[in-house]
Asks: 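Sharing a structure with you now.
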Amino acid sequence: MSIDKSKKVVFSGIQPSGIPALGNYIGAMMNFKALQDEYDCLYCVVDLHAITVRRDPKTYGDQIRRLFAIYVAAGLDPEKNIIFVQSHVPAHSQLSWILNCYTYVGELGRMTQFKDKSRKHEENVNAGLFNYPVLQAADVLLYGTHLVPVGQDQKQHLELARDIAIRFNKVYGKIFTVPEILIPKVGARIMKLQDPFHKMDKSEVENLNNSIFLLDEPDVIISKLRKAVTDSEAVVRYGEDKPGVSNLLTIYSCLTGTSIPDAEREFEGKNYGFFKNAVGEAAVAVLEPIQNEYKRLMSDRGALDAMMKPGAEKAEGIAKNMLKRVHDAIGFI
Ligand code: TRP
């Protein structure tokens, strides 16, 4: 695929850390899949971003492969989309340095993710963690991206990317496309199964029953959903006063394509046990084929690594042009 001028460009990335959770699948990957026919999409394994936290060199390569394989297994077509690994395209690091010089320390210090993460990893508040949003801006701006599908938690980073683009363009003319942020309406917030007031997380450590991981065995998926917290009303109804049940309804609705009101009707008069089993079966029906394809892809590392090449080459072709325009704009010779 080359970038077709008549189509808008979509870019998004996921960090190769942990195993994506059902929340990531519904909130991100299902959305990516829905965009692949209408837009020119780039989906990136952001392995440079993920080293703001120490990674074990023995396993990091497989973590990167795993996310790439999950992208493909989840239905992102490598022919239709540019699926690639960030570190395979050096322009990301190169543009990132340049953009650092157009970003203010004050702006980066206000990022809530930086504040949260530096509190969480007090022992390793590195400059990469601070500059993280600048690399993210480089990711997006390299490809003339129009739309960035992300969760609510990334909104602030993308607003900064927009500010950087506007600031750069003011000095040098229209070099960058100012990206729009695309936050999915439904499914953007799949909550923890045991604590439906907080977002389901792939880096869940406290209670593994909170998250369904994409590679959980079917019986584990069913059992985690059976244990999900509900309430004492025993009515399958969506409502702010029913966070647990509403979360399960959202999961069911996203996975089966049934609307919430239709799902409520489907489970009218049914008890929570019946409802939870149905959600579990819906999750297994979606995840099992993905897992089978994932296992097939991971069983041949050589073939998988070869699959990464065309994406990296296509991305590099586009990114190099943009980097050249930026260099010329600045006056590098
Ligand atoms: N920061 C994003 C996250 O943690 C991942 C990411 C990196 C990204 N580069 C991006 C998302 C560019 C969208 C566009 O979820």
Side-chain angles (χ1 to χ4, degrees), residues 12 20-39 41 70-71 73-77 149-152 182-202 209-294:
S12 198
L22 185 65
N24 304 102
Y25 175 72
I26 294 175
M29 288 178 201
M30 275 183 69
N31 225 11
F32 293 177
K33 211 164 63 174
L35 296 167
Q36 69 183 354
D37 291 316
E38 203 177 329
Y39 300 101
C41 304
I70 288 176
Y71 271 148
L76 297 177
D77 183 345
V150 281
Q152 181 72 30
L182 193 68
I183 296 175
K185 281 180 228 57
V186 206
R189 280 180 79 76
I190 300 296
M191 313 307 272
K192 291 183 197 269
L193 299 176
Q194 297 296 321
D195 168 19
F197 296 98
H198 294 101
K199 218 175 130 177
M200 187 185 284
D201 192 357
K202 64 176 164 178
N209 284 326
N210 268 326
S211 293
I212 288 172
F213 300 100
L214 287 199
L215 303 177
D216 279 349
E217 295 290 336
D219 56 325
V220 175
I221 297 175
I222 303 259
S223 117
K224 284 182 177 176
L225 282 162
R226 268 201 202 128
K227 284 183 216 147
V229 300
T230 46
D231 52 60
S232 56
E233 191 194 32
V235 177
V236 179
R237 167 176 70 77
Y238 192 95
E240 242 172 69
D241 54 330
K242 292 170 74 71
V245 170
S246 299
N247 189 37
L248 294 174
L249 271 168
T250 304
I251 294 175
Y252 185 79
S253 158
C254 290
L255 292 178
T256 61
T258 315
S259 71
I260 301 264
D262 281 349
E264 285 173 336
R265 268 190 290 278
E266 192 178 332
F267 297 107
E268 213 174 286
K270 299 284 198 287
N271 64 30
Y272 284 163
F274 181 92
F275 170 53
K276 288 177 180 180
N277 270 331
V279 183
E281 276 162 26
V284 170
V286 171
L287 298 185
E288 213 173 20
I290 296 177
Q291 297 180 349
N292 292 338
E293 178 61 4
Y294 165 83

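Source: prediction; values computed, not measured.
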Asks: Which atom names give the shortest non-hydrogen contact between Tyr272 and Ala234, and what distance separates them?
Replies: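 Shortest heavy-atom contact: OH-N, 3.2 Å.
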
Asks: List the residues meeting side chain to side chain donor-acceptor pair (under 3.5 Å) with Thr230, not counting sequence neighbours, and say none if there are none.
Replies: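 Expected list: none.
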
Asks: Counting distance only, does the side-chain N/O of Gln291 pair as donor-acceptor with the main-chain N or O of Asp216 below 3.5 Å?
Replies: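 Answer holds: yes.
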
Asks: Output the distance between atom CD1 (Ile251) and atom CD1 (Ile190), rounded to the nearest 0.5 Å.
Replies: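 Between Ile251 CD1 and Ile190 CD1, I get 5.0 Å after rounding to 0.5 Å.
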
Asks: Looking only at heavy atoms, which two atoms of Glu266 and Lys270 are closest? And how far apart?
Replies: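 So the two residues come closest at O-CG, 4.3 Å.
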
Asks: With sequence neighbours excluded, what pairs up with Asp231 under the salt bridge (charged side-chain N to carboxylate O under 4.0 Å, His left out) test?
Replies: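 For Asp231 the salt bridge (charged side-chain N to carboxylate O under 4.0 Å, His left out) partners, ignoring immediate neighbours, are Lys242.
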
Asks: Please report the closest heavy-atom contact between Ser211 and Lys224, naming both atoms and the distance.
Replies: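 Nearest heavy atoms, Ser211 then Lys224: O-NZ, 2.8 Å.
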
Asks: Within a strict 4.5 Å, meaning less than it, do heavy atoms of the Leu248 and Lys276 side chains meet?
Replies: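 Yes, side chains in contact.
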
Asks: Treating Gln194 as the side-chain partner and Lys227 as the backbone partner, does any N or O pair qualify as donor plus acceptor under 3.5 Å?
Replies: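 Between the backbone of Lys227 and the side chain of Gln194 there is a qualifying donor-acceptor contact (under 3.5 Å).
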
Asks: Between the main-chain N or O of Val236 and the side-chain N or O of Glu264, is there a donor-acceptor pair closer than 3.5 Å?
Replies: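 No: the side chain of Glu264 does not pair with the backbone of Val236.
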
Asks: Shortest non-hydrogen contact from Gln152 to Ile183?
Replies: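 For Gln152 versus Ile183, the nearest heavy atoms are OE1-CD1, 3.6 Å.
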
Asks: Please test Leu287 against Leu214 for side chain to side chain contact (heavy atoms under 4.5 Å, CB included), starting from the C-alpha separation and ending with a verdict.
Replies: CA-CA 7 Å; Leu287 298 185; Leu214 287 199; 3.6 Å; yes

Asks: What pair of heavy atoms forms the shortest contact from Leu225 to Ala283, and how long is it?
Replies: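 Where Leu225 meets Ala283 most closely, the heavy atoms are CD1-CB, 4.0 Å.
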
Asks: Can you tell me how far CD1 of Ile70 sits from CE of Met29, rounded to the nearest 0.5 angstrom?
Replies: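 Interatomic distance, Met29 CE to Ile70 CD1, rounded to 0.5 Å: 6.0 Å.
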
Asks: Restricting to side chain to side chain contact (heavy atoms under 4.5 Å, CB included), what partner residues turn up for Asn24, sequence neighbours left out?
Replies: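 With sequence neighbours excluded, Asn24 shows a side chain to side chain contact (heavy atoms under 4.5 Å, CB included) to Pro20, Ala21, Lys202, given in chain and number order.
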
Asks: Please round to the nearest 0.5 Å and tell me the distance separating atom CD1 of Ile26 and atom CD1 of Ile212.
Replies: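 Ile26 CD1 to Ile212 CD1: 8.5 Å, rounded to 0.5 Å.
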
Asks: Are any non-hydrogen side-chain atoms of Phe275 and Val245 less than 4.5 angstrom apart?
Replies: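 A side-chain contact under 4.5 Å exists here.
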
Asks: Would you mind reporting whether Leu76 and Lys33 have side-chain heavy atoms less than 4.5 Å apart?
Replies: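 Sidechains of Leu76 and Lys33: in contact.
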
Asks: Do Ile222 and Asn277 touch side chain to side chain, with heavy atoms closer than 4.5 Å?
Replies: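 Yes, close enough: below the 4.5 Å cut-off.
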
Asks: Check whether any side-chain heavy atom of Ile221 sits under 4.5 Å from a side-chain heavy atom of Leu22, and report yes or no.
Replies: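 No. Closest side-chain heavy atoms not under 4.5 Å.
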
Asks: Between the side chain of Gln36 and the main-chain N/O of Gly75, is any donor-acceptor distance below 3.5 Å?
Replies: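 It does hold such a pair.
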
Asks: Is any side-chain heavy atom of Val286 closer than 4.5 Å to one of Tyr25?
Replies: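 Yes, their side chains come closer than 4.5 Å.
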
Asks: Return each pair, listed once, that meets ring pair (Phe, Tyr, Trp, His ring centres under 6.0 Å) where at least one residue sits in residues 215-255; pairs must be two or more places apart or across chains.
Replies: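 For residues 215-255: Tyr252-Phe267.
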
Asks: Closest approach of Leu35 and Pro149, non-hydrogen atoms and distance?
Replies: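 Closest approach of Leu35 to Pro149, heavy atoms only: CD1-CG, 3.7 Å.
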
Asks: Roughly how far, to the nearest 0.5 Å, is the CG atom of Asn210 from the CE atom of Met191?
Replies: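 Answer for the CE-CG pair, Met191 versus Asn210, is 11.0 Å.
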
Asks: Under 3.5 Å, is there a donor-acceptor pair between the side chain of Thr258 and the main chain of Ser253?
Replies: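 Such a contact is absent between Thr258 side chain and Ser253 backbone.
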
Asks: Below 4.5 Å, heavy atoms only, C-beta onward: do Pro243 and Phe197 meet side chain to side chain?
Replies: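 In contact.
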
Asks: Does Asp241 reach the side chain of Glu233, with side-chain heavy atoms less than 4.5 Å apart?
Replies: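 A side-chain contact is absent here, since even the closest heavy-atom pair is not under 4.5 Å.
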
Asks: Tell me, please, which residues at least two apart from Asn31 pass side chain to side chain donor-acceptor pair (under 3.5 Å).
Replies: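 In terms of side chain to side chain donor-acceptor pair (under 3.5 Å), with neighbours along the sequence ignored, Asn31 is linked to no residue.
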
Asks: Working to the nearest 0.5 angstrom, can you tell me the gap between Glu288 CD and Glu293 CD?
Replies: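 Answer rounded to 0.5 Å: 14.0 Å.
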
Asks: Under the rule for side chain to side chain donor-acceptor pair (under 3.5 Å), what residues qualify as partners of Arg265, not counting sequence neighbours?
Replies: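 With neighbours one apart ignored, the set is Asp262.
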
Asks: For the backbone of Pro196 and the side chain of Asn247, can you confirm whether one donor and one acceptor N or O come within less than 3.5 Å of each other?
Replies: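 Pair absent, no side-chain N/O of Asn247 close to backbone of Pro196.
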
